[in-house]
Engineer: 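Pasting a structure here, questions to come.
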Amino acid sequence: MTVNLLDYERESLAVFCEGLGEKRFRATQLFRWIHQKGAREFDEMTDLARSLREKLKVRAYVKPLDVVSRHVSSDGTTKWLFDVGDGNAVETVYIPEHDRGTLCVSSQAGCAVGCRFCSTGHQGFSRNLKAGEIIAQLWFAEHFLRQQTGRDERVISNVVMMGMGEPLQNYTELIPALQAMLDDHGYGLSRRRVTVSTSGVVPMIDRLGADCPVALAVSLHAPNDSLRDQLVPLNIKYPLEQLFSACVRYLDHAPRDFITFEYCMLAGVNDQIEHAREIVGLVSRHGGGKTWCKFNLIPFNPFPASGLQRSGPDQIAVFAKILCDAGITTTLRKTRGDDIDAACGQLAGDVKDRTRVVERMARQRTVMFQPMRPFNDKTEKV
Ligand code: SAH
Ligand code: SF4
């Protein structure tokens with residue numbers, strides 16, 4: 001049986017090397033060749049003994065994802081569509097900023113949660129990505145961009161698991177991929193710069209805290225159970241009190257001292273003054289009186305089947321002000337890179353499953369509302 005070495009974090013690679021009758025430290029060399037240098041041919045790995053390279057050729061391979069397309073916005077935002085077989089595709093987006101480069105990564109083809117406002121949710125669930133398919137998105141993007149810019153140092157400084165899929169419903173495959181991202185012999189990303197975004201799989205939030213604590217973003221979208229049950233159906237299983245308690249527990253392990261709540265602004269649905277006030281109540285009832293969360297308001301990206309509309313800017317501003325006045329740091333994502341929108345539109349129908357979530361991510365950047373407390377640049381930069 002041959003294996004895809006991208007599926008392994010370093011410890012499993014060491015076990016694999018031992019199985020070949022090799023010393024464990026060979027795994028570190030191999031891991032560095034694959035992830036730091038972007039090598040996929042064993043003959044490139046010149047400091048490995050020829051005998052090991054021959055064994056590897058028989059037993060293993062490094063399998064990247066096939067690229068269906070690449071679109072580049074004038075602001076440098078780059079979006080890849082990767083073929084994952086059986087008519088499924090996932091998207092990965094690179095968002096360059098002056099002080100960081102963020103990669104938005106997919107964890108599943110489709111999604112089983114079925115949020116009302118999400119086009120991935122409307123498509124349904126196809127399958128979990130393998131760890132190797134998750135890390136292959138970073139492997140490819142990092143080495144492609146390095147080659148393109150002629151740089152030898154790291155290009156991608158941040159990863160957000162905000163592409164297609166619910167990462168905490170693909171936990172077993174997510175963890176090795178996160179470990180490879182964090183590994184100093186891999187991508188060496190800081191825990192603060194790797195964010196898992198979840199719609200609220202409560203038991204897995206606890207497990208993530210124990211196994212691999214990274215920055216956490218929770219997709220809230222509603223301030224009470226009756227509305228959240230409708231928008232994020234997973235809420236029926238894990239209601240808000242449970243979710244908020246899990247978030248507060250996560251803070252004991254988290255690399256940062258706050259959780260980010262994402263809140264998609266839907267006109268007339270969840271964007272009213274009373275909803276903002278409910279949020280303030282919910283936040284203040286948890287966290288023991290400390291400042292423990294931030295809000296990121298996302299203007300809804302409409303799609304026909306949703307029957308929903310984006311909140312107007314004035315409504316969003318009123319909503320944000322209520323949160324800010326209560327001392328909650330609140331940011332708003334603004335669209336950017338509109339010129340790749342057309343290109344995205346051209347892709348529609350070419351491939352069965354594709355996400356508009358990532359497409360939306362590609363067009364967004366974050367701007368701040370004026371919080372009551374002075375904005376601390378250090379804590380905000382993920
Ligand atoms: N499944 C995970 C991560 C992927 S979705 C999660 O739900 O957190 C990434 C973010 O995009 C989530 O906050 C999600 O709620 C939001 N989102 C999905 N569809 C959207 C849309 N049409 N407009 C704006 N935000 C959307
Ligand atoms: Fe799945 Fe996240 Fe979309 Fe909800 S918002 S359907 S959890 S990808």
Side-chain angles (χ1 to χ4, degrees), residues 90-93 95 102-129 134 137 159-171 174 177-178 194-202 204-205 208 214-222 227-238 243 246-247 259-267 269-271 293-311 316 331-335 341 344 353-366:
V90 296
E91 279 183 333
T92 307
V93 178
I95 306 147
T102 303
L103 195 71
C104 179
V105 170
S106 294
S107 57
Q108 300 178 312
C111 182
V113 177
C115 299
R116 273 223 28 217
F117 50 85
C118 172
S119 108
T120 306
H122 277 245
Q123 287 165 3
F125 176 67
S126 294
R127 72 167 175 88
N128 281 326
L129 296 189
I134 299 173
Q137 297 168 61
V159 169
V160 291
M161 295 302 304
M162 291 186 185
M164 189 182 230
E166 169 48 58
L168 295 188
Q169 287 190 337
N170 186 16
Y171 191 80
L174 173 71
L178 292 180
V194 174
T195 301
V196 167
S197 176
T198 179
S199 55
V201 191
V202 165
M204 293 304 163
I205 292 177
L208 186 69
V214 292
L216 185 68
V218 171
S219 297
L220 189 66
H221 309 309
L227 183 56
R228 196 163 189 272
D229 284 353
Q230 293 173 43
L231 295 177
V232 184
L234 193 66
N235 193 71
I236 299 166
K237 194 161 181 193
Y238 304 116
L243 178 58
C247 290
I259 306 283
T260 303
F261 286 114
E262 292 164 281
Y263 198 96
C264 178
M265 299 296 290
L266 304 162
V269 175
N270 66 355
D271 66 345
C293 64
K294 296 185 176 191
F295 270 74
N296 190 13
L297 305 181
I298 313 172
F300 171 59
N301 183 47
F303 59 101
S306 72
L308 298 162
Q309 282 170 350
R310 176 185 293 187
S311 307
I316 296 178
T331 56
L332 167 69
R333 281 204 204 133
K334 261 201 157 182
T335 57
D341 226 359
C344 294
D353 278 338
R354 54 188 293 276
T355 177
R356 288 182 51 107
V357 178
V358 189
E359 178 185 317
R360 189 204 63 256
M361 285 291 302
R363 298 187 290 107
Q364 290 170 344
R365 71 184 158 82
T366 301

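Counting starts at 1 for both ligands and their atoms, following the listed order.
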Engineer: For ligand 2, note which part of C115 has a heavy atom under 4.0 Å away: side chain, backbone, both or neither.
Structural biologist: both
Engineer: What distance do Y171 atom OH and N128 atom CG have between them, rounded to the nearest 0.5 Å?
Structural biologist: 14.0 Å
Engineer: Consider ligand 1: state whether an atom of it lies below 4.0 angstrom from any non-hydrogen atom of P302.
Structural biologist: no
Engineer: Under 4.0 Å from a heavy atom of G121: which atoms of ligand 2 are those, numbered in the order shown and with their elements?
Structural biologist: 6 (S)
Engineer: Show which atoms of ligand 1 fall inside a sub-4.0 Å distance from at least one heavy-atom site of H221.
Structural biologist: 13 (O), 14 (C), 15 (O)
Engineer: Which of these, V159, T92, V93, sits in a side-chain contact (heavy atoms from CB on, under 4.5 Å) with Q137?
Structural biologist: T92
Engineer: Salt-bridged, E262 to K294, with N to O below 4.0 Å?
Structural biologist: no
Engineer: Measuring from atom CG of L234 to atom SG of C115, what distance do you get when rounded to the nearest 0.5 angstrom?
Structural biologist: 8.0 Å
Engineer: Is the F261 to F295 ring centre distance short of 6.0 Å?
Structural biologist: yes
Engineer: Report the distance from atom OG of S219 to atom CZ of F117, rounding to the nearest 0.5 Å.
Structural biologist: 6.5 Å
Engineer: Any donor-acceptor pair under 3.5 Å linking the side-chain atoms of N296 with those of T331?
Structural biologist: yes
Engineer: Can a non-hydrogen atom of S219 be found less than 4.0 Å from any atom of ligand 2?
Structural biologist: no
Engineer: Can you tell me if S119 contacts ligand 1 (heavy atom of the residue under 4.0 Å from the ligand)?
Structural biologist: no
Engineer: If we only count N/O pairs under 3.5 Å, is P299 in contact with ligand 1?
Structural biologist: no
Engineer: Within ligand 1, which atoms have a heavy atom of E262 less than 4.0 Å away?
Structural biologist: 10 (C), 13 (O)
Engineer: Is F117 in polar range of ligand 1, meaning some N or O pair under 3.5 Å apart?
Structural biologist: yes
Engineer: Can you list the ligand 2 atoms lying under 4.0 Å from a non-hydrogen atom of G114?
Structural biologist: 6 (S)
Engineer: Given that the side chain starts at C-beta and the backbone is N, CA, C, O, which of these parts of E166 lies under 4.0 Å from ligand 1, counting heavy atoms, or is it both or neither?
Structural biologist: both
Engineer: Between I298 and ligand 1, which residue portion shows a heavy-atom distance shorter than 4.0 Å: side chain, backbone, both, or neither?
Structural biologist: side chain
Engineer: Considering the heavy atoms of G163, write down every atom of ligand 1 situated less than 4.0 Å from one of them.
Structural biologist: 4 (C)
Engineer: Using a 4.0 Å heavy-atom threshold (strictly under), name the region of C264 that reaches ligand 1: side chain, backbone, both or neither.
Structural biologist: side chain
Engineer: Main chain of Q108, side chain of N170: is a donor-acceptor contact present, judged purely on distance under 3.5 Å?
Structural biologist: no
Engineer: Just which atoms of ligand 1 are under 4.0 Å from any heavy atom in G165?
Structural biologist: 1 (N), 2 (C), 3 (C), 4 (C)
Engineer: Rounded to the nearest 0.5 Å, what separation is found between the CE atom of M161 and the SG atom of C104?
Structural biologist: 8.5 Å
Engineer: Please identify which atoms of ligand 1 are closer than 4.0 Å to at least one heavy atom of C118.
Structural biologist: 18 (C), 19 (N)
Engineer: Could you tell me whether ligand 1 has any atom less than 4.0 Å away from a heavy atom of M161?
Structural biologist: yes
Engineer: Please state which option from C115, G121, S219, P167 has its nearest heavy atom closest to atom 13 (O) of ligand 1.
Structural biologist: S219
Engineer: Any idea which part of T198 is under 4.0 Å from ligand 1, heavy-atom wise: side chain, backbone, both or neither?
Structural biologist: backbone
Engineer: Report, in ascending order of atom number, the atoms of ligand 2 lying under 4.0 Å from any heavy atom of S199.
Structural biologist: 7 (S)
Engineer: For the pair R310 (side chain) and L266 (backbone), establish whether a donor and an acceptor sit closer than 3.5 Å, ignoring hydrogens and angles.
Structural biologist: no
Engineer: How many angstroms lie between atom CG of L308 and atom CG of N301, to the nearest 0.5 angstrom?
Structural biologist: 11.5 Å
Engineer: Okay, side chain of S106, backbone of M164: is any donor-acceptor separation there less than 3.5 Å?
Structural biologist: yes
Engineer: Got an N, O or S from C111 under 2.8 Å of atom 4 (Fe) of ligand 2?
Structural biologist: no
Engineer: Applying salt bridge (charged side-chain N to carboxylate O under 4.0 Å, His left out) as the test, list every pair that has at least one member in residues 109-127; sequence neighbours left out.
Structural biologist: R127-E133
